[in-house]
Amino acid sequence: MTTTPIGRRGFLKGALGIGALAATGSLAACAAPGGTGTQPSRLARPSASASAAKGEITIWNRSGDLFKVFDAAIAKFRQAYPNVTVNHQAVDIDAKLANTLISGTDVPDGSFWDDAKIGGQAEHLYDLTDLIAPYQDQTSPYKLSVNTVDGKIYGVPWDLDPGLLWYREDILESAGVDPAGLATYDDLLAAARTIKEKDPRTAPIHLEKTPFLSQLWLEMLANQQGTSLSDAQGRLRLDSAEYRRILTWIRGAVDDGLVTHAPYLEQADVNTLDNGQQVFVPWAIWWSFAPQQLLKKTKGKWRAAPLPAWTPGGARSGAMGGSSFIIPAKAKNPELAWLLYEFLCFKEPGYTAVYGPNDIYPGGLSTSIPSYRPALDPAKPLFRPIEALGGQDLWKVAVEAAETIPAAAPIPWWWAQSVDYLGNNVQRLMEGKMTPDQVISESAEKIQRNLIDRS
Amino acid sequence: MRIGSIRLTPYLFIAPFFVVFAAFGLYPLIYALQLSFMRWRGGSQARWVGLDNYLYLLTSPDFWASLGNSAVMWLLIVPLQIVAGLGGAVLLANARLRLRGFFRVAFIAPFVTPVVAMAQVWIVVFDQDYGLVNYLLNLVGLPDVGWLTTTAWSKPTLALLFLWKTTGFAIIILLAGLQAVPGGVYEAASLDGASRLRQFWSITVPLVRRSMAFLVVIQTLAVFQMFAEPHVVTEGGPYGSTTTAGLHLYDHITASDLGTGAANSFLLVLLVFGLSLASVRMLRPKDEVS
């Protein structure tokens, strides 16, 4: 029996038919994207006791030394909660967490995350307000505010990163500058001029060259004055006296040739820190890594002090960065994840295990401090004095400075994207290509149009 | 198997391709098209906004700036790549070339090297303070250049990375076109007294025009989709000067502005389609046009 081969028309008809079927099926399957729009779940306190708490949780953390520190601290948790198994995973959180929360697939029970990113994903997280309530009055107001969206708390506040003024004690001594006299930013400029007059090769004040970190640094200076990029209602407040004051100060320092514009701890920055060109680094406590690990030639010559204030008697610190822990709304064992984070943040064995001396950091973790105030006793340091800071008790300096940090507003979801506008324009200001008013007007206009209005 | 006079068996054989295409090609395409008319940040319900995403992009200076950056990259890359590709193809087609195998490997090796790895090398080599290139410039008394940190040099430096990576592919395409040219044409031209340069210009170039047109279309697509190089090397900076169309689209996704990202991708498709069509028409041989 002969069979007729498929003709061209027949093939096209068949292909069109299958394609039409597929398209119709696709359109029918294309329900409007998105969830049901229900309110985030409120996580209640687990009723089980420590010995009765039972199950397995998956916890995400960034890889590196901090992962090892938490690993050791989790071992302490397991001693307190012997029937809870913790699957602690090192994950590229920046690349994976947001997409995982949105897709709802293979969601961990808890994760470490930057404060700046939590607010933007609040609808995928558990409302932890009831759980944080017993600790609320004893937690840094700043950390509570950045974890709060529409009156609900979505992150377990972990670390506080107070800004400090790092300086070369030997250079100040030789120039006759008393670090105790650096009470305001005008005092800092005057000291920088004195140092430069004595040694014209210096450009004493560090200004950050990367847009993201320079914006984070700007926010530290704004937080000192009790403000931030947006208020609790999400309204932009860049066009304000506080930001104008900061940007004018920066531009003045640039115009007077008092700055070294270098990228954070890259080779160019390290060289100018070690050779005495840079003398003052207003930066978060996590700059303490530099004298301990990177600044071989000037080890022991750096010290830390509270930041100058913007006005006499003003706050002597602001927060720069910081992280918390989140519990996704689709976590399988959220109550057990809460028990872990409660242990690490609010229980003495937990935060001592994280910050105290350990195999990874024999002197203790000195790149941040807890945000839980009972842990912040100046007389009971969790980490030891730093040899690279000439034996200075950094704990005392940081804790006393942190006491002055004002509360802030939740970090808006668009903060990271605003770096393309504000961060870049701050760089132009530091290069002398823009005035403070230009930075404010252009950045505000673009942030409003491209980010806030697109919400 | 039959339904009436229609044999079903052949259709069953080709059905798997269409099913897979529908699932992984057509469905995402239609989903993205639907999303391009909506405002959705990946969480709660998306809402219909009609043409708002498209209008926003078409009136956005950042969108046009990214297209401009891609256009400049195209000008820096494609013409030079055609010339270099043709030169490399002519070299490899030369029967008297020694170490032909070595040259083939040398030309194709960059193409198979992971782009992220090479991007890291580029960052080190072109570092303003400690990079090899500035070191060599200093040796001859020239000052440092901000290869990756100034708006003047960041695009050419990235274009160089793209050229280094993909010119091997261009050589392969043009070599295939070159090898399709009958040898007798060159013999006849030699007998008529045509010089080598004349032969190249009057025989080689016209006869590989189709291959060149194909290459222009492929590389136009690649340049406008360029993402890994600016993302890894410069993160779109300094000051957005290396934010290409592909990277700008990615920025919408990372900002969770998914509807605008989808609209951006369709606008890019239309643009690249138009450019490719124009390129093909421009490079079409004259006899084909008539």
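For a heavy-atom cut-off of 4.5 Å, chain A lies close to no residue in residues 139-149 of chain B. Near-neighbour residues of residues 239-251 of chain B relative to chain A, defined by a heavy atom under 4.5 Å from a heavy atom of that chain, comprise B/Y239, B/G240, B/D251. At a heavy-atom cut-off of under 4.5 Å, chain A is reached by B/R47, B/D52, B/N53, B/Y56, B/T59, B/S60, B/P61, B/D62 from residues 47-62 of chain B, listed in order of number.
The 12-atom threshold is not exceeded at OH of B/Y135, counting heavy atoms of other residues, nucleotides or ligands nearer than 6.0 Å. Atom CD of B/Q128 has more than 12 heavy atoms from other residues, nucleotides or ligands within 6.0 Å. Heavy atoms from other residues, nucleotides or ligands lying under 6.0 Å from CZ of B/F273 number 12 at most.
Looking at A/Q417, only its side chain comes within 4.5 Å of chain B, counting heavy atoms on both sides. Only the backbone of A/D453 comes within contact range of chain B, judged by heavy atoms closer than 4.5 Å. Only the side chain of A/Q121 comes within less than 4.5 Å of a heavy atom in chain B; its backbone stays farther off.
Heavy-atom pairs under 4.5 Å with chain B were tallied for A/N271, A/L451, A/N99; the largest tally goes to A/N271.
The CG atom of A/D94 lies 11.5 Å from the OG1 atom of B/T254; values are rounded to the nearest 0.5 Å. With rounding to the nearest 0.5 angstrom, the CZ atom of A/R454 is 8.0 Å from the NE2 atom of B/H252.
Every residue meeting the salt bridge (charged side-chain N to carboxylate O under 4.0 Å, His left out) condition with A/D114, not counting sequence neighbours, appears here in chain and number order: A/R62, A/K117.
When every heavy atom of A/G120 is checked against every heavy atom of B/R41, the shortest pair comes out as O-NH2, 4.1 Å.
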